[in-house]
Undergrad: 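Let me begin by handing over the structure; questions about it come next.
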Number of protein chains: 2
Amino acid sequence: MPHPPRLDEQVCFPLYAASRLVIRLYQPLLEPLGLTYPQYLVMMLLWEDASLTVSQIGQRIYLDSSTLTPLLKKLEDKALIVRKRRPGDERVVEVSLTKTGKALGLEAIHIPERLFARIGFPPKEALQLRSSLKRLIARLEMT
Amino acid sequence: MPHPPRLDEQVCFPLYAASRLVIRLYQPLLEPLGLTYPQYLVMMLLWEDASLTVSQIGQRIYLDSSTLTPLLKKLEDKALIVRKRRPGDERVVEVSLTKTGKALGLEAIHIPERLFARIGFPPKEALQLRSSLKRLIARLEMT
DNA sequence: GTCTATCAAATTGCGTGCGATTTAATCGTA
DNA sequence: TACGATTAAATCGCACGCAATTTGATAGAC
């Protein structure tokens with residue numbers, strides 16, 4: 001019996017809902033650092049690699065310059081990063097951590113465990129969920 | 001050895017990334033119906049229950065009136081729904097399907113399977129992912 | 001060397017999300 | 001039956017996301 005799509009039967013909706021609900025939980029943890037969740041993602045990349053181009057950041061978190069440019073400007077206003085055109089290829093903008101931005105990484109160290117404690121999801125299932133999501137993302141990247 | 005949070009180790013990021021990537025895949029399927037993804041979610045609810053209040057919709061998809069009001073007005077502009085204050089309690093707004101809106105449900109019947117085909121994710125793993133996400137959402141709802 | 005194609009960011013316009021506040025209606029209780 | 005509390009939507013301000021276009025710089029073909 002064919003019928004119009006039902007919310008309960010979808011896979012995408014729980015993805016969308018869970019994503020937004022978890023980001024809401026992050027909020028009170030990120031607020032003391034003065035970061036939004038997408039800003040936090042960019043900072044995480046830079047805490048690992050202190051300098052990246054806009055494109056490299058975009059490839060890692062699946063955002064393009066139309067989203068990143070304003071976001072990066074906000075991080076620059078907060079003095080967490082600097083943006084500099086690459087000498088020798090002025091098309092490329094290099095984003096790098098400032099001392100303040102690097103220091104913020106230390107303040108963020110306990111965020112993941114605090115978030116995890118709040119959710120109270122079984123660690124085993126969390127790991128399995130993550131690996132399942134990563135396989136899904138790998139498939140989505142192909143298309 | 002404590003270190004700043006790393007993107008690879010997070011559970012939330014794959015959630016956020018997968019959600020956005022899947023929504024992107026929906027786009028070309030929804031475009032012929034003239035719907036965005038969140039609008040599609042609302043329509044799915046109404047295809048099941050032809051009349052719901054703004055609050056009821058919000059509870060089901062975790063959005064509040066500040067997001068829903070403008071979205072519902074757009075659906076009304078497209079003549080897919082009507083919004084009417086409830087006689088007897090003027091605080092409540094009843095959202096109901098128009099004939100056009102109901103008819104659109106038939107055009108949407110094959111969207112889920114077409115999307116699923118595009119992703120090419122093993123059905124077994126998809127079901128397991130969905131149930132895991134639903135458990136996660138249940139935990140998130142408690143807080 | 002010039003001219004076109006390509007490339008990286010930036011810009012623009014629109015649709016969410018969401019915290020915070022406002023508006024209007026109803027409820028509860030003295 | 002007043003009147004403060006509560007409730008449901010709406011409004012406002014700000015920060016994403018993303019399609020489409022623009023801007024400016026470099027690369028390639030001739």
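Each chain gets a letter, A, B and so on, in the order its sequence line appears, and its residues count up from 1.
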Undergrad: With heavy-atom distances below 4.5 Å as the criterion, would you say the side chains of A:Leu35 and A:Leu75 are in contact?
TA: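 SC-SC contact between A:Leu35 and A:Leu75 confirmed.
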
Undergrad: Evaluate the side-chain contact (heavy atoms from CB on, under 4.5 Å) criterion for residues B:Val22 and A:Val11: first the C-alpha distance (whole Å), next the side-chain angles of each, then the deciding distance (0.1 Å), finally the verdict.
TA: CA-CA 10 Å; B:Val22 174; A:Val11 178; over 6 Å; no

Undergrad: Rounded to whole angstrom units, what separation is found between the CG atom of B:Leu71 and the C1' atom of C:dT16?
TA: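 One finds 8 Å between C1' of C:dT16 and CG of B:Leu71, rounded.
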
Undergrad: Which residues within residues 20-47 of chain A lie with some heavy atom under 4.0 Å of an atom in DNA chain C?
TA: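 The stretch gives A:Arg20, A:Arg24 as the residues lying under 4.0 Å from the strand, ordered by number.
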
Undergrad: Can you check whether A:Ile61 reaches A:Leu68 side chain to side chain, under 4.5 Å on heavy atoms?
TA: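 In contact.
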
Undergrad: In this structure, how many angstroms lie between the P atom of C:dC14 and the NZ atom of B:Lys78, rounded?
TA: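 My rounded result for the distance is 13 Å.
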
Undergrad: Nearest whole Å is fine: how far is C:dC18 P from B:Tyr16 OH?
TA: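 Atom-to-atom, B:Tyr16 to C:dC18, this comes out as 13 Å.
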
Undergrad: Heavy-atom distance under 4.5 Å between the side chains of A:Leu33 and A:Ile111, does that happen here?
TA: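 They are in contact (side-chain heavy atoms under 4.5 Å apart), so the answer is yes.
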
Undergrad: When we call it a touch if two heavy atoms are under 4.0 Å apart, what does B:Gly58 touch: a base, just sugar-phosphate, or nothing?
TA: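 Result for B:Gly58 = nothing.
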
Undergrad: For B:Glu90 and C:dT23, give me the distance from atom CD to atom P, rounded to whole Å.
TA: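 Those two atoms, CD and P, are 19 Å apart.
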
Undergrad: Figure out the CZ/C1' separation between B:Phe13 and D:dG17, and round it to whole Å.
TA: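 Roughly 14 Å, once rounded to whole Å.
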
Undergrad: Check the angle between the aromatic planes of A:Tyr37 and B:Tyr16 and answer parallel, tilted or perpendicular using the 30° and 60° thresholds.
TA: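 The rings of A:Tyr37 and B:Tyr16 stand perpendicular, inter-plane angle above 60°.
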
Undergrad: Test B:Glu94 against every option in B:Gln56, B:Arg86, B:Lys84 by the side-chain hydrogen bond (donor to acceptor under 3.5 Å, both in side chains) rule and name the one that passes.
TA: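 Only one option passes, and that is B:Arg86.
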
Undergrad: Distances under 3.5 Å only, N/O to N/O: pair up the protein atoms with those of nucleotides 8-14 of chain D.
TA:
unit_1, atom_1, unit_2, atom_2, d
D:dA8, O3', B:Arg91, O, 3.4
D:dA9, OP1, B:Val54, N, 3.4
D:dA9, OP1, B:Val93, N, 3.3
D:dA9, OP2, B:Ser55, N, 3.1
D:dA9, OP2, B:Ser55, OG, 2.2
D:dA10, OP1, B:Arg83, NH1, 2.9
D:dA10, OP2, B:Thr69, OG1, 2.6
D:dA10, N7, B:Ser65, OG, 2.6
D:dT11, OP2, B:Lys73, NZ, 2.8

Undergrad: Can you tell me how the ring of B:Tyr40 sits relative to the ring of B:Trp47, calling it parallel under 30°, perpendicular over 60° and tilted otherwise?
TA: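 B:Tyr40 and B:Trp47: perpendicular rings.
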
Undergrad: May I have the distance from A:Leu63 (atom CG) to D:dC18 (atom P), rounded to whole angstrom?
TA: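 After rounding, the gap between these two atoms is 6 Å.
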
Undergrad: So B:Leu46 and B:Lys102, do their side chains get closer than 4.5 Å, heavy atoms only?
TA: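 No - every pair of side-chain heavy atoms lies 4.5 Å or more apart.
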
